[in-house]
Amino acid sequence: MTEAIAEMTHMTGGRELVMVSNRLPVDRVTLEDGSMHWRASPGGLVTAVEPIVEQLGCVWIGWAGDAGEEIEPFEVGRMRLAPITLSIDEVAEYYEGFSNGTLWPLYHDVIAKPEYHREWWDRYQSVNRRFADRVAQEASHGAIVWVHDYQLQLVPAMLREARPDLTIAFFLHIPFPPRRIFAQLPWRRQLVEGLLGSDVIGFQRVADAISFRAVAERYGTAPSIGNTIVTPARGEQPGHTALAQEFPISIDAAAFAKIAEQPEIRARALQIRQDLGNPKTIMLGVDRLDYTKGIRHRLKAFDELIADGELEPAEAVLVQVASPSRERVEAYRQLRDDVEVTVGRINGERGSIGHSPVNYLHRSFTKDEMVALYLAADVLLVTPLRDGMNLVAKEYVACRGDERGALVLSEFAGAADELRDALLVNPHDIEGLKAAILRAAHMPEREQARRMRGMRRAVYNNDVAHWAQNYLGAVCAAADAKTQTQTGGRTEPIQVSAAYVPRQVDDRIRRLAAAPQLTVAIDFDGTVAPLVKRPADARILPRAQQALDVLREAPGVQVVLLTGRSLAGLAETQVASDGWIISGSHGAELMGLPGTTGVETLAPPTDEEREALQRAQRRVHRALGQVPGVRFEEKPFGFAVHTREVKDEIEAEELLTAAVEIGEAAGLHTRAGKRVREMSVRESNKGDVLNRIRAALPLAPVLFLGDDVTDEDAFAVLGHDDLGIKVGDGETAATQRVADPASVAAVLAMLAELRTGTVIGS
Ligand code: G6P
């Protein structure tokens, strides 16, 4: 974590960080002597960004949470807080009205009916203006401004106009609605234009980013190329590009795990179980009391399970924590009444003296108490009808180092994209919900452990440091590009020359270009160097060489060459490969890996192996040596037979089959390539060696381009964040394809240009 944060400090390059959110991330506490203090508030939007802010320090602009109050700036830890004042009318119309009576329901699948009032809209604009003015006043030159959430969607454009020197990032913590629903909003164009003032717009889910790009095109006349939205010039404002992409938010998993290990927290968990009467199953729900959270559906399912006799009221308890929220908004008042009546009814009908099936707690708890609750709970019910992410689900998983406990998770929560090992439910389907709750209550320990392991892997793989690195990485790349433009390095916006790059490849390359760390791996023959008759005549295309030269120098990028050639055979091509990691002979030779010197090779052949090799080589030479067009190549652990120059393709195939038969009879490993077969005493392949290389560069997603059958081993080990591009025809495990080496050069040139701004000609 600390390492990752140190990396971020480096990335921001000394620029000031300014956070902007509706609410300041602090609570006021009055001590016994009547004195007043501020402390970081435990929940909400702040949870995720807290560790980043603690390390980087920031200015934070927001509302302190009470109407009409004017408060001087103050400091808490490394944050300097600059409070915004909101009048009673502004709270009613901007916050309760437009934010929570219009946008919130509109963005959450219209679960409640959004209201459209022109006075609310006017207030939303004027309050957004106040926030933007305050930022413009507080932010130092060239600062990174990070605007949070739906209450402040007009701030980016207002700020861009006032302060073109700033880099503006926006993150939407809640879902972005599908275009059909967004279309209802009378002020849809203005909102889209507001957001398009940003350099980077982050969303929780892929679907949110896709919806936004569609809306930007329709209502903002701003088309996208991949994840990049091209915003046209408006009036005085020059055009620019904005990255609109998903960055699923997360938690500081290790910090939660640490709390969960403390003996006093474990003791507290036992105490909670005891206080609840040591029931067989404790189920837990933790939500803000909000109609999007599906609390009514959950209570209904729980009640019916008792009524059906599926759950014994004495054996199962549901603890429902519902923290108070937006109590002056009508839909929330209604919800509170409904929930409290239902809880009363269930306890009245199903309870007994000294035992209530539902334990309802209408307040918030400290982080420690939450962790104790997570440890006490056998089942966590996270069943919202719609939720941006839901960090409670991730917190539960992070705390369960004991690999116990079951998670019932709504497929409509963002977390469902990552926590695939949860019991996923559609909360509208009450029968399905009941079945999942029952399954969770009776889940065998082995299944709990298996699922929990999978979920823990997902949470640890994308913890808050990973999230922040990706998001801030993209923001800092935008900031760097801006600095270059402003210092005269480049005055034109980036014009990417993507002559041969198919649209889908283009999308993925743009995303990779923004990754803080990146491994660019290539095959040689047939990929960056066109195939030629004599292997020694092969030459890398000048454009590919130039692009790789630029990428090699770019911070955070490692160039890797995975070739079937021996290192000696590669040297003949005169490729300039300083600073690359090079794997030769399909992984049998390796050089340039960080922390190593010289060439690492597999164990040399034993005498016996050498003999077998020589025997096979002799036979193959004898059998095929006279055939016109057949060539032999020496390899460190074997040899290769080439038939590229044999005119008849069928004959070439037959010759290669014969060679393989001889090799196999001598116990050699054989490997097929395009018009070539290799025999070797050592088994190695590009997939294994790529795995070794990435173990040395664990944070970097991998781009790998290759054309041959032997490159399939490398494609096969690529993961979700990586990108495999097959060059030319033929079956492949790669997800993308380009036509030929010239297109490979175009892909590399585009990547180099996006990453560094250096234009590489065709
Ligand atoms: C959600 C929103 C936040 C908001 C929080 C609490 O998490 O995404 O922007 O601050 O709810 O809501 P409140 O209305 O009390 O600020």
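Whatever order the structure lists ligands and atoms in, that order sets their numbers, starting from 1.
- Between Asn22 and ligand 1, not a single N/O pair is under 3.5 Å apart.
- Aromatic ring pairs are classed by plane angle as parallel below 30°, tilted from 30° to 60° and perpendicular above 60°; the pair Trp120 and His117 is perpendicular.
- Checked for salt-bridge contact, Glu96 and Arg328 meet the test: a charged N lies under 4.0 Å from a carboxylate O.
- Using a 4.0 Å cut-off between heavy atoms, Arg326 contacts ligand 1 through its side chain alone, with no backbone atom that close.
- Residue Ile174 has at least one heavy-atom neighbour below 4.0 Å for each of these atoms of ligand 1: 8 (O).
- Atoms of ligand 1 found under 4.0 Å from any heavy atom of Arg288, numbered from 1 in the order shown, are 1 (C), 6 (C), 11 (O).
- Backbone and side-chain nitrogen or oxygen atoms of Ser325 are examined, and none is located within less than 3.5 angstrom of a nitrogen or oxygen of ligand 1.
- Of the listed residues (Leu106, Asn100, Thr102), just one forms a side chain to side chain contact (heavy atoms under 4.5 Å, CB included) with Trp104, and that residue is Asn100.
- Using a 4.0 Å cut-off to heavy atoms of Asp149, the atoms of ligand 1 that qualify are 2 (C), 3 (C), 8 (O), 9 (O).
- Between Phe182 and Phe176, the ring centre distance stays below 6.0 Å.
- Aromatic ring centres of Tyr95 and Trp63 lie closer together than 6.0 Å.
- Taking any N or O of Tyr95, backbone or side chain, at least one lies under 3.5 Å from an N or O belonging to ligand 1.
- Remark: ligand 1 atoms within the under-4.0 Å shell around heavy atoms of Arg23 are 13 (P), 15 (O), 16 (O).
- For the pair Lys367 and Phe256, the distance from NZ or CZ to the six-membered ring centre is under 6.0 Å and the angle to the ring normal is within 45 degrees.
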